[in-house]
Amino acid sequence: MVKVITYGTYDLLHYGHIRLLERAKALGDYLIVGITSDDYDKTRGKINNQQSLIERIAAVKATGIADEIIVEEYEGQKIDDIRRYDVDIFTVGSDWEGKFDYLNEYCKVIYLPRTEGVSSSEIRAEKRKLIIGTIGEGNLCKKFIREMKFVNGVEYKECGDSLENVDAVYVATHPDNHYSDVKRALEAGMHVICESPIALSLSECQELMNLAHEKNLVLADAIKTAYSTAYSRLLVVAKSGRIGDIVSVDAVCSSLADGATEQGVNLSKKQNSICAWGPTAMLPVFQLLGKEYRSKSIVTRILDKNLNYDGFTKIDFVFDKAVASVKVAKAAKAEGELIISGTKGYIYVPAPWWKTDYFEVRFENAADNKRHFYQLDGEGIRYEIVAFAKAVESGRHNIYIGEETSKAIVGVIEDFNRHNYTEI
Ligand code: CTP
């Protein structure tokens, strides 16, 4: 029996794919089709497949051409598969001509002519694009606009104050203005992705969420860390029981880049530490331990009382069976690591944990330690944009950051703004 293997993403299955599969099958008696996993595609720079792995597998299966479907998950897997399945022929389309010659050592390699005039990319591009504008200036907006270029199906347009010509907006103004900017955008019928915190009080936050629900619009919290693969996996590992029961979450985020400690800096234009870093630092606390804490205490070093500008803030939470501590600073520097301690082991994410592609699960016996790597491109911002565009298209909101998490974050910041803290 001649065994043939071929690989691909097979997003939005089209007749170019089907012709390839038919000819691949005709090369032998048994056809194995390797379909790339979503994670593997991310590492290859394909971040915006329209269909999930399950949907893509179902589509290939429905053709009835493949005898066996496998998932391609890592670089170098092709050699393993060829050996494991005792493959005689490896084949792909001619767009890969020459790229897989190294497999000749293991089996016969055949490049089949690619079908002209059709590709998944073109089909994706034909779909109407989501036009996104920005409200705010500065680096965050610049980065967001730059990252949009990496995402199919979205396009940047300047929207001005009138918010015309766009379907959605990214809000990155000073946190004092988030509420009014988000409200204005939602009232104008725009989907919104807003830097966290969405508002500075729980009542305003709830009002915005209600408005979004009423108008059937997406209101997303833009904490980029939440959308990164490493962070998502870390949540899964921590919740799976691998490190036992979680007893403590300790997150530190600091940056001196804003120049808050320098002489003559106009702090009124800058975000204070609790707004700039609080949402990111509190994210793993609420996502891992829940939103119902028994008590919390905030200790802060205020740089400018009138502006409510904290240079350094530490928040301690007590939950029923765990504690958490968050340290945020724009006028102090510390190791920006995240540690999740459990009864059997702990998860360590090195600095800067909020844009990490790596974490370690560590145990008493170091031989049991596990390292996890996941590709992170564009600091996670492009994944955030992909998730936002998908939420708008599917109408399924808040998959990555639930409303309760956003509200828990806003609640702490509101308390801070009410001066419910100890000053040092
Ligand atoms: N293929 C083909 N003819 C086409 C498109 C794809 O023969 N018009 C082949 C590819 O060469 C590959 C397989 O189908 O062997 C799966 O390709 P995949 O990369 O999933 O599809 P594309 O349409 O090329 O996707 P994209 O536009 O995202 O690159």
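Both ligands and their constituent atoms are indexed starting at 1 by order of listing. Keep in mind the model is a prediction, meaning the values are calculated, not measured.
A donor-acceptor contact shorter than 3.5 Å links the side chain of T91 to the backbone of I110.
For the residue pair Q206 / N210, a side-chain donor-acceptor distance below 3.5 Å is found, with atom types taken as modelled. No hydrogens or angles considered: a donor-acceptor pair under 3.5 Å links the side chains of Y179 and E207. E195 and Y170 form a side-chain donor-acceptor contact under 3.5 Å, judged by distance and modelled atom types alone. Side chain to side chain, Y231 and Q287 meet the donor-acceptor criterion of an N or O pair below 3.5 Å. Under 3.5 Å, the side chains of N49 and Y10 contain no donor-acceptor pair of N or O atoms.
Checked against a 3.5 angstrom limit, the closest N/O atoms of V92 and ligand 1 fall outside it. In terms of polar-atom proximity, defined here as any N/O pair under 3.5 Å, S121 does make such a contact with ligand 1. Checking only distances, T9 does come within under 3.5 Å of ligand 1, N or O to N or O. Close N/O approach between R114 and ligand 1 is found [any backbone or side-chain N/O within under 3.5 Å]. Between S120 and ligand 1, an N or O atom pair is found at a separation short of 3.5 Å.
Contacts between R124 and ligand 1 below 4.0 angstrom, taking non-hydrogen atoms only, involve the side chain exclusively. Contacts of H14 with ligand 1, taken as heavy-atom pairs under 4.0 Å, involve the side chain alone. Residue contacts with ligand 1 for D95 involve side-chain atoms from C-beta outward but no N, CA, C or O (heavy atoms, distance under 4.0 Å).
The protein heavy atom nearest to atom 19 (O) of ligand 1 is K46 NZ, 3.7 Å. Counting protein heavy atoms only, atom 13 (C) of ligand 1 is closest to Y10 OH, 3.9 Å. Protein heavy atom in closest approach to atom 15 (O) of ligand 1: G93 N, 3.0 Å.
Between V118 and ligand 1 there is a heavy-atom distance shorter than 4.0 Å.
Residue L20 has at least one heavy-atom neighbour below 4.0 Å for each of these atoms of ligand 1: 7 (O), 9 (C), 14 (O), 15 (O). Near H17, the atoms of ligand 1 lying under 4.0 angstrom from a non-hydrogen atom of the residue are 6 (C), 14 (O), 16 (C), 17 (O), 18 (P), 20 (O), 21 (O), 22 (P), 23 (O). Within the listing of ligand 1, atoms 23 (O), 27 (O) sit less than 4.0 angstrom from a heavy atom of S119.
Cation-pi geometry between K78 and Y7 is satisfied (NZ or CZ under 6.0 Å from the ring centre, within 45° of the ring normal).
Looking at V349 and L234, their side chains come closer than 4.5 Å, going by heavy atoms from C-beta outward.
Identified under the salt bridge (Lys or Arg N to Asp or Glu O under 4.0 Å) test for residues 130-157, with sequence neighbours left out: K143-E379, E147-R382.
Between Y374 and F359, the ring planes lie parallel to each other; the angle is under 30°, not in the 30° to 60° tilted range.
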